[in-house]
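Every chain is numbered from 1, with letters handed out A, B, ... down the list of sequences. The structure displayed is predicted, hence computed values, not measured ones.
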4 protein chains.
Amino acid sequence: MKRADGRGTAGELPDAGENPPLPSGKPSGKARGRPRSEAVERAILDAVTRLLEEGVSYDALSVEQIARTAGVGKAAVYRRWSGKDELFLYVVKEMEEPTYEGPGDGPLREVLIGALGWLRQIGLAKRRSTLLRVLAGHVHSRPELWKRYHETVISARRERLAFVLRRGIERGELRGDIDIDVLVDMLTAPILARILLRDWEELPEEMPRQIVDAFLDGLRPRE
Amino acid sequence: MKRADGRGTAGELPDAGENPPLPSGKPSGKARGRPRSEAVERAILDAVTRLLEEGVSYDALSVEQIARTAGVGKAAVYRRWSGKDELFLYVVKEMEEPTYEGPGDGPLREVLIGALGWLRQIGLAKRRSTLLRVLAGHVHSRPELWKRYHETVISARRERLAFVLRRGIERGELRGDIDIDVLVDMLTAPILARILLRDWEELPEEMPRQIVDAFLDGLRPRE
Amino acid sequence: MKRADGRGTAGELPDAGENPPLPSGKPSGKARGRPRSEAVERAILDAVTRLLEEGVSYDALSVEQIARTAGVGKAAVYRRWSGKDELFLYVVKEMEEPTYEGPGDGPLREVLIGALGWLRQIGLAKRRSTLLRVLAGHVHSRPELWKRYHETVISARRERLAFVLRRGIERGELRGDIDIDVLVDMLTAPILARILLRDWEELPEEMPRQIVDAFLDGLRPRE
Amino acid sequence: MKRADGRGTAGELPDAGENPPLPSGKPSGKARGRPRSEAVERAILDAVTRLLEEGVSYDALSVEQIARTAGVGKAAVYRRWSGKDELFLYVVKEMEEPTYEGPGDGPLREVLIGALGWLRQIGLAKRRSTLLRVLAGHVHSRPELWKRYHETVISARRERLAFVLRRGIERGELRGDIDIDVLVDMLTAPILARILLRDWEELPEEMPRQIVDAFLDGLRPRE
DNA sequence: TCGTAATCGAGACGGTACGTCGTGTCTTGAG
DNA sequence: CTCAAGACACGACGTACCGTCTCGATTACGA
């Protein structure tokens with residue numbers, strides 16, 4: 001029973017969040033046995049996005065179905081992710097990563113319009129907005145899912161916007177008496193709400209500009 | 001508790017004309033055989049709210065569990081509602097109705113702040129914000145659910161706000177070059193987003209005022 | 001959670017062998033809820049015998065497959081029997097019950113030949129010999145299965161034979177210096193061995209007579 | 001341990017001419033690449049016998065478990081045998097070979113008693129009777145397994161007994177009107193049945209003698 | 001002294017079955 | 001006609017083996 005002696009598995013804390021060695025950048029050391037197939041991984045991830053795009057709701061989504069669609073054994077899924085949530089979160093992250101660079105420098109108004117225009121683009125991209133909607137729909141029913149998405153994706157974007165706003169305040173271009181977090185919400189929430197609560201495509205092109213102008217100059221007519 | 005007025009619930013369900021006779025005010029004529037027990041109905045509705053308050057997520061909620069909790073048979077539930085969604089929607093409506101009165105007349109700024117303050121109150125009321133969140137979470141996965149909620153609850157509120165804004169434009173207090181629907185979003189979305197995407201209580205008291213002021217006068221400092 | 005209070009399941013000893021109320025003669029008292037369908041029961045039992053006759057080995061047999069073949073949900077099987085073994089044993093018993101009456105009275109030789117002839121008939125009956133073989137094949141791997149089969153079916157048959165032999169000894173027709181149990185084996189084992197270890201039909205018609213004659217008079221030629 | 005004589009294992013496997021080269025006496029010519037480790041082979045065979053002795057039933061036995069116990073890879077097993085059955089049969093043969101010598105010459109009664117006594121010894125030897133039982137339990141579910149065991153082990157033993165009986169008939173010590181095969185069964189089956197269908201140790205020492213005497217002289221008292 | 005090639009342990013691969021649970025429908029006897 | 005109870009077919013859950021395959025590493029042989 002070879003297994004009984006020097007086990008080797010020292011320190012197996014289950015909360016490490018990566019109990020099954022999540023498929024990230026080639027991680028640890030030796031790698032004994034047959035390595036996991038990237039093709040299988042791709043097939044699984046493709047199956048998830050395909051099913052979601054075909055209108056399958058997150059709740060209706062099942063590991064069984066995903067595996068069937070991917071032409072893969074269920075074990076191949078569970079070997080990589082602990083379940084549907086982990087898998088879904090991975091899909092989301094993988095899709096979000098290679099993205100937003102700006103807003104860089106420039107006049108405040110243009111920078112803000114650029115950031116909101118980019119947010120609008122997400123809403124128009126069916127696949128990405130689907131994922132965002134699913135996540136937002138489970139903010140309270142699966143808080144850890146949203147928490148991790150927020151930490152890795154959302155908060156970075158908000159922070160960039162907050163940075164721009166803070167700089168604007170320093171330069172005297174904005175009033176400084178309102179919480180930055182609230183300012184960010186005032187800018188982004190109108191578009192976000194449309195992404196989450198309306199059908200696709202209800203995001204007029206001029207919306208970013210209108211929001212930013214109202215935000216900066218108000219809606220009271222200047223005489 | 002069982003709304004006797006002829007509004008709302010009366011004569012709806014247009015697409016399911018022969019569904020189980022939803023529990024509205026004692027329906028039409030005959031009524032043969034044993035009448036439905038109101039106690040059963042109360043027990044079911046109580047069970048739903050109790051479970052939701054206990055933190056059971058909408059997805060985790062099951063008819064089986066509801067019936068068990070209420071101490072009734074599953075059939076007693078399905079006899080009244082077509083399933084979890086219908087039942088849930090019924091609970092929501094029953095809870096929403098006796099509410100919003102304003103904004104009545106008065107100075108534009110105060111009226112808007114009042115409307116947003118009232119929206120904030122919903123977010124602070126645990127039970128009602130829970131329902132809102134659940135519904136918003138299924139906008140796309142169960143569109144008919146959201147559609148009916150929107151028609152009966154949301155759209156009326158938006159319309160009242162839109163009315164106020166339209167009047168403001170007519171009076172020259174607001175610029176008239178932006179779609180009213182967008183204006184409503186700009187006002188309400190920041191608070192709505194906090195309700196949907198954050199933990200309870202992250203709704204500062206001054207938020208309505210800050211939003212309305214920014215909305216009216218902009219955030220660029222006037223010299 | 002109704003379930004938590006007065007459980008009612010007093011004295012739930014798991015070894016009673018009928019934990020799930022095995023479908024025997026209409027058992028207990030009230031019978032609340034929808035009664036179990038006899039058609040389902042028949043379908044399950046038919047599926048088992050059919051599969052076995054089609055050559056599916058006992059080990060290859062699975063509840064999943066049985067349910068599929070019977071056109072029935074797995075739960076319908078587990079509701080009645082705790083698993084494959086219980087189900088199989090039930091099939092065996094159901095099939096064995098309505099059978100052997102003899103050996104009655106009469107000359108010792110004829111009675112013995114009759115009993116062995118009847119045993120031979122079992123061997124020739126494909127269905128019944130299949131069950132016997134399967135059971136015998138698991139005497140040691142699933143002792144409880146064999147034990148219960150032996151208690152309810154085999155031992156009664158052996159006892160009848162033993163009774164005849166004992167009477168023969170009392171009447172002076174047989175020597176009384178050998179254990180009755182051994183005598184029973186000497187008579188039945190040759191046929192039994194052929195049933196268990198050979199292909200069908202290798203049971204010559206004259207075998208019972210030859211065995212009984214050798215048993216009574218020996219094989220040494222009488223001068 | 002690895003039979004070097006040319007009997008039995010040589011040139012068998014007629015139906016699977018290209019199966020993995022069963023480990024017989026160092027086979028034919030070349031042998032390129034790393035040779036198979038005898039240590040691995042020993043470890044596998046040891047694991048099988050150990051597990052069986054520990055009471056693991058044949059069905060519960062799995063290649064996975066065998067490999068784990070032996071501390072080898074599954075492939076190392078499948079490289080040598082096509083599966084559990086082949087492996088098991090190999091273990092059986094390896095164990096059976098160095099055995100039965102008698103019955104040689106001598107008075108018929110003594111020779112028969114000797115043969116049956118030897119059969120009884122097998123039943124008493126835990127390991128060997130286990131194998132016999134397992135094989136007998138799969139006579140019909142895996143006919144090829146039994147066939148090969150019968151051909152290489154059983155039939156030789158039966159043939160030796162048949163030879164003795166035939167000689168007895170020729171010498172006029174036995175009646176010649178019964179099929180020899182049936183005679184062999186009449187003698188051996190009672191003991192065989194006890195081995196297969198009862199617990200260990202239910203094989204009284206006097207059984208062989210009693211059977212042979214009954215067989216020769218019958219049980220009807222001679223006046 | 002090298003390549004070559006079959007071996008080694010390890011473990012991933014697509015499958016199938018496990019026994020449990022929730023779905024929405026149905027079917028009892030009692031009220 | 002309603003009630004509670006619960007059976008019904010269906011399908012997903014996460015785990016365990018199946019027998020096959022694919023890794024890097026090891027180990028002998030023949031060139």
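By the 4.0 Å N-to-carboxylate-O rule, C:Lys84 lies too far from C:Glu64 to be salt-bridged with it. At a threshold of 4.0 Å, the pair C:Arg36-C:Glu41 does not count as salt-bridged, since none of the basic side-chain nitrogens sits closer than that to a carboxylate oxygen.
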Exercise. Which is it for A:Asp85 and A:Tyr58 under the side chain to side chain donor-acceptor pair (under 3.5 Å) test, yes or no, and what are the steps along the way?
Worked result: CA-CA 10 Å; A:Asp85 287 359; A:Tyr58 182 72; 2.3 Å; yes
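Taking atom CD1 on B:Ile66 and atom C1' on E:dT23, their separation rounds to 13 Å, with Å as the unit. We find that CG of C:Asp59 is positioned 14 Å from C1' of F:dC18, with the value rounded to whole Å. Following rounding to the nearest Å, A:Asp85 (CG) and F:dA12 (C1') show an atom-to-atom distance of 15 Å. When rounded to the nearest whole Å, the span between CH2 of D:Trp81 and P of F:dT20 equals 15 Å.
Using a 4.5 Å cut-off on side-chain heavy atoms (C-beta onward), A:Arg79 and A:Lys74 make no contact. Looking only at side-chain heavy atoms (C-beta outward), D:Val56 and D:Gln65 come within less than 4.5 Å of each other. With a 4.5 Å cut-off on side-chain heavy atoms, A:Leu87 and A:Leu45 count as touching.
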Seminar exercise, completed: Whether each nucleotide of nucleotides 13-18 of chain E has a protein heavy atom under 4.0 Å at its base (B), only at its sugar-phosphate (S) or at neither (-) is summarised, 5' to 3', as BS--SB
